[in-house]
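A short worksheet on the structure shown next.
No experiment lies behind these values; they were computed from the predicted model shown.
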2 protein chains.
Amino acid sequence: MRIGELAERTGTSRRLLRYYEEQRLITPGRSYNGYREYEEAHVGRVMQIKGLLGSGLPTRIIRQILPCLDKPRSIYFDDLTPEMLRVLECEHGHLTQRIDCLTRNRDAIGDYLETVRGMRAAADPSGRAGAGS
Amino acid sequence: MRIGELAERTGTSRRLLRYYEEQRLITPGRSYNGYREYEEAHVGRVMQIKGLLGSGLPTRIIRQILPCLDKPRSIYFDDLTPEMLRVLECEHGHLTQRIDCLTRNRDAIGDYLETVRGMRAAADPSGRAGAGS
DNA sequence: TTTGACCTTCACATAAATGTGAGGGCCTGA
DNA sequence: TCAGGCCCTCACATTTATGTGAAGGTCAAA
């Protein structure tokens with residue numbers, strides 16, 4: 001598929017897809033006329049990139065972890081340098097920290113919302129929203 | 001405490017602490033000479049801000065969710081506009097999405113690392129690292 | 001053959017989080 | 001009283017992920 005379709009299917013701008021390519025996060029082929037040609041698999045890949053980016057990881061890190069997230073593996077264990085291994089271990093830890101932080105905060109918001117709803121229900125047992133004046 | 005100590009204890013730059021203040025994420029007092037004066041509680045608060053920021057939330061959103069994360073509550077249910085309630089519900093959802101994305105990716109890295117370690121162990125049952133030459 | 005919807009590259013613009021430095025005030029200890 | 005270390009504000013610089021637009025090529029359909 002071409003860039004327009006991929007953009008639409010992933011909710012991304014074309015500009016950004018070209019940027020991801022420049023950052024070596026995706027590597028589309030080219031058709032005879034120079035147009036980028038994407039595989040079906042790129043849809044998932046782009047969603048994954050968007051998610052990680054939105055979760056605060058910079059492209060530099062994403063580039064490093066992406067290759068080992070493929071099923072089937074696109075990076076093989078022989079290619080794995082000790083350096084790379086350390087990076088992965090380190091990122092695994094960072095991700096866990098991030099997850100913990102987000103989880104704590106999400107749950108706190110959840111608690112808050114639940115309490116609010118509890119109070120709303122107690123004040124207005126009819127279940128309809130809106131406190132009126 | 002003054003800005004230097006807070007910076008040190010939170011691993012943040014002074015510049016950034018002033019920035020958080022400008023963004024209305026923290027509100028230190030001022031001592032008679034104009035120096036910012038921080039409470040003990042600001043340490044935790046700053047760590048929380050750093051965590052959320054590192055997880056991809058913009059200061060605008062952090063400003064909105066912070067007040068309802070306090071224990072004891074600093075925002076009371078009477079103050080809560082329906083508008084604000086929607087924001088919180090929405091952010092609760094976003095956080096969950098982020099958490100899921102990060103968890104999936106972290107676990108994939110975890111799997112990979114485990115597999116690698118499995119292969120290392122099989123190749124070198126002595127348990128010592130380093131393949132040597 | 002021309003129009004319109006795609007695509008290309010290049011380049012400049014923006015917002016957000018940060019760094020850096022200048023110019024200057026406060027305060028403590030020698 | 002001066003030096004050194006902290007603080008202040010202001011302002012400009014940088015990086016990263018993005019937007020936007022210009023100038024132009026490709027291709028299908030009218």
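- Contact annotation: A:Tyr20 side-chain N/O to D:dT18 OP1/OP2 distance is under 4.0 Å.
- Look at B:Arg36 and you won't find any side-chain N or O under 4.0 angstrom from OP1 or OP2 of D:dC7.
- Nearest to the side-chain atoms of B:Arg2 among the listed nucleotides C:dG19, D:dA17, D:dC6 stands D:dC6.
- Atoms CD (A:Glu37) and C1' (C:dC6) sit 13 Å apart, rounded to a whole Å.
- Looking at heavy atoms from C-beta onward, A:Leu95 lies in side-chain contact with A:Leu57 at the 4.5 angstrom threshold.
- B:Arg18 comes within 4.0 angstrom of a nucleotide base, judged by non-hydrogen atoms across all strands.
- Distance alone, capped at 3.5 Å, is enough to place a donor-acceptor pair between the A:Glu37 side chain and the A:Met1 backbone.
- Rounded to whole Å, the distance from CD on A:Glu21 to C1' on C:dT9 is 12 Å.
- Note on A:Tyr19: every side-chain N or O is 4.0 Å or more away from OP1 and OP2 of D:dT18.
- OP1 or OP2 of D:dA17 sits under 4.0 Å from a side-chain N or O of A:Thr59.
- Between B:Glu22 atom CD and C:dA17 atom P there is a gap of 11 Å when expressed in whole angstrom units.
- Other residues, nucleotides and ligands contribute more than 12 heavy atoms inside 6.0 Å of the CD atom of A:Gln23.
- With rounding to whole Å, A:Tyr38 atom OH is found 12 Å from C:dT8 atom C1'.
- Counting heavy atoms from C-beta on, the side chains of A:Leu25 and A:Tyr19 never come closer than 4.5 Å.
- You'll find that the side chain of B:Leu53 is closest to C:dA17, out of C:dA17, D:dT18, D:dC6.
- For the OP1/OP2 pair of C:dG19 and a distance below 4.0 Å, the side-chain nitrogens and oxygens of B:Ser13 include at least one atom meeting the criterion.
- Rounded to a whole Å, the OH atom of A:Tyr35 is 6 Å from the P atom of D:dC27.
- Across the protein-nucleic acid pair, B:Glu8 atom CD and D:dC6 atom P stand 9 Å apart, rounded to whole Å.
- Taking atom CD1 of residue B:Ile26 and atom C1' of nucleotide C:dA17, one finds them 14 Å apart after rounding to whole Å.
- You'll find that the side chain of A:Ile3 is closest to C:dC7, out of C:dT9, C:dC7, D:dC27.
- At the heavy-atom level, A:Arg60 lies nowhere under 4.0 Å from the strands shown.
- For the pair B:Leu17 CG and D:dC8 C1', the computed distance is 14 Å after rounding to whole Å.
- Taking side-chain N and O atoms only, B:Arg15 has no distance below 4.0 Å to OP1 or OP2 of C:dT20.
- The side chain of A:Asn33 places an N or O atom within less than 4.0 Å of a non-bridging phosphate oxygen (OP1 or OP2) of D:dC27.
- Under the 3.5 Å distance criterion, with hydrogens and angles disregarded, no donor-acceptor pair is assigned to the side chains of A:His42 and A:Glu39.
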